[in-house]
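Report on one structure; see the data block that follows.
Computed from heavy atoms alone, side chains included, the values below leave out hydrogens, waters and symmetry copies. Worth saying up front: this structure is predicted, and the values here are computed from it rather than measured.
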Amino acid sequence: MLEVGVIMLVAFTGAALAGRLKQSVILGYIAAGIIIGPFMHIEIGGLSYHGLIHDTSLINAISQLGIILLMFFVGLKFSITKLRKVRRPAIILSIFNICINLFTGVLLGTALGWPFMDTLFLALIVSMSSAGVALKSLLEMDRLRNAETDFLLGVMVAQDFISSIFLALVGGLVVKSGGNATVTSFIMGAVIFICFFVVLAFVVIPRTISYLVKMKNDEMFVLFALGLVCLSAALAEFFSIPGMIGAFFIGMTFAETRITDRMEEKIAPFRDAFVAVFFMAFGMMIDPTLFPAVIGIVALAVVLVIIDDVFLTAVVSFFMGYTPRQSLFVSTSMCARGDESILYASIARQAVSTTKGAEIYPLAGAFTFVLSAVCPFLMRRGYRLADALARKMPHFIKYSAGVISRTLGKIILPGDGFRLYKGSRSLLGAELFYLASMIALILTTEQAHYFTFGLTIVASLIVWVILQNVLSPIVRQINYYNLCTVPGSHMLISRYVASLVMATLMTAACVAFTFSLYWPTVMVILVAYLMWFVLLMKVFYDQTCADSRYAKHPLMPYPSYSYMHRPSMEVNDSPRYNHRKRWKEF
């Protein structure tokens, strides 16, 4: 009881100081956990301090209730219907985010000269976002009901499943722990787990909710709710799935029912107390005395993660059809790192094939501490950052990116009512062919490496051809007029969007091909791709935007919209310059 009392009072003090300094309470909890944890050692004169809590087993067990209850409350704000709506964009963004961060971690480890297994663990530490930090910040900012939050939650659920697959691979293939978890058993367990909760949500809960409404005794109601949440988490762990996913799913099954408000009211105090313990326990796992030895690597890793998560992920979210504000808010929420990174660092320290285990653990501690402090700061300023970037962005980039967003959004985002795109088996088959070729390209060497590279290029071309055919009828029905797009540009739009997708796929293939041959060439390829991307945006803007001085005016009159007061004119009478006159002017 002494340890629990100390933790609660220290957590209160840390939260109060963080609030006084206008910081997130998460930072106060983590800092307080470091101070009272077993790794804190201070000696001043004849006085010494070695932390207040040395046995963290009890605290770690209690802290798990914090993240489980937090995910349960998030599930109460969500529903299976919402999860089904955002599944397509959530899966796409989660896979992209994990892949780009894994690549960044591998690139960083290779640049440091680390062995392969150490580089793999560094990549896993860098790549996995923390749901706990982001969700606690969402609760503080009262944004759980925002439109983009559904998308963010879908991404986090998908990332947790992918993280579980990686954990099964690492535990079964790298660490000799005697565990029986394999990827096959995990996938089978995940299917059974999901089917169980689908039956629970659509069959069991609707038929039993009336009995729960009639339950007048609050004590019995709280015991029932807490027991149900803990059993759901235990069921998930039985199938090698994180317990917080089970809590999230049981929360979704009760979402939008008649007892949701009562659950929130009666269990919220337990959630707040145990969430504080969770972040305190997280801080106790961090050894601050080892920070100076890894501070350089941590600083570089933090910068790379911010570039990947905040900017690249925001660009992909925007291209999928979300607004700039929604995209920046989602991307800033994904830059936190937490207990998943610490878990991978712990496995690396136990692995028989790693040589940098002593460095990886303090690196993970410092890395997660910095990003746990940075994430809430960026989340609160996500909207302002999006507005600032929109003001500074060149007009041709905003125009071209807007066309991409509006076009791909009709394919990826969930539609309300009539949908322009209802799926394409040929496009799905081409995407799976490209994915299989990329996996083979990464795993093969020597002659097979060259052969799979050729297959990946062919797969990219197939995607390009099919995507143009898919987009052609869609762009004819999309309204681009408020972007000032010249009427009749639908062929150029479909070709432009398909070419960008093809170039992105080819660039990824070139990176995977050259990395194993000579990794510094990767940076040259990425810089060349970025320059080509911007150049293509400028050419497309000149060809299709009516605001460009080089755009060819159509033979048909402009639509009579209030924002476009331009008279109809022939091409030869245009006061603007067309492409043939462009070079004469220069």
Spell out, as yes or no, whether a donor-acceptor pair under 3.5 Å connects the side chain of [X] to the backbone of [Y].
X	Y	result
R258	V213	no
S331	V310	yes
T104	V305	no
S317	L328	no
S129	M334	yes

What distance separates [X] [atom1] from [Y] [atom2], expressed to the nearest 0.5 Å?
X	Y	atom1	atom2	value
I91	I95	CD1	CD1	6.5 Å
R384	R325	CZ	CZ	10.5 Å
D387	R381	CG	CZ	14.5 Å
E237	I68	CD	CD1	6.0 Å
C230	L235	SG	CG	13.0 Å
I360	L124	CD1	CG	9.5 Å

Taking all heavy atoms of [X] and all of [Y], pick out the closest pair and write down the distance.
X	Y	answer
V229	A247	CG1-CB, 4.1 Å
G246	F197	O-CZ, 3.9 Å
G105	T119	O-CG2, 4.1 Å
Y434	A508	OH-CB, 3.5 Å
G243	A236	CA-CB, 4.2 Å
S94	A158	OG-CB, 3.4 Å

Would a 4.5 Å heavy-atom cut-off, applied to side chains only, mark [X] and [Y] as touching?
X	Y	value
V155	F96	no
L69	V275	no
I92	R88	yes
L378	C335	yes
M320	F151	yes
L65	F278	no
V316	I100	no

**Message:** Under a plain distance cut-off of 3.5 Å, with no hydrogens placed, do N97 and D308 share a side-chain donor-acceptor pair?
**Reply:**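 Note: D308 and N97 side chains miss the donor-acceptor criterion.
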
**Asked** Can you list the steps and then say if F249 with F193 is a ring-ring contact (aromatic ring centres under 6.0 Å, His included)?
**Response** CA-CA 10 Å; F249 271 59; F193 172 79; 5.3 Å; yes

**Message:** Under the criterion side-chain contact (heavy atoms from CB on, under 4.5 Å), I'd like the reasoning laid out for F254 against L212: C-alpha separation, chi angles, the key distance, then a yes or no.
**Reply:** CA-CA 11 Å; F254 284 100; L212 299 177; 3.7 Å; yes

**Message:** Within a 6.0 Å radius of atom CZ on F270, are there more than 12 heavy atoms belonging to other residues, nucleotides or ligands?
**Reply:**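 12 or below, so no.
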
**Prompt:** Do NZ/NE/NH1/NH2 and the carboxylate oxygens of K266 and D261 come within less than 4.0 Å?
**Reply:**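 Judged by the 4.0 Å cut-off on N to carboxylate O distance, K266 and D261 do not form a salt bridge.
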
**Item:** L152/M156 under side-chain contact (heavy atoms from CB on, under 4.5 Å): CA gap, chis, key distance, verdict
**Value:** CA-CA 6 Å; L152 175 62; M156 289 182 173; 3.7 Å; yes

**Item:** Chi angles and distances behind the side-chain contact (heavy atoms from CB on, under 4.5 Å) call for R337, N101
**Value:** CA-CA 12 Å; R337 297 296 184 270; N101 280 312; 3.5 Å; yes

**Item:** Sub-6.0 Å ring centroid separation between F248 and F72
**Value:** no

**Request:** Test side-chain contact (heavy atoms from CB on, under 4.5 Å) on T149 and V330 and set out the steps.
**Result:** CA-CA 8 Å; T149 303; V330 170; over 6 Å; no

**Item:** Distance under 6.0 Å and angle within 45° of ring axis: R262 vs F221
**Value:** yes

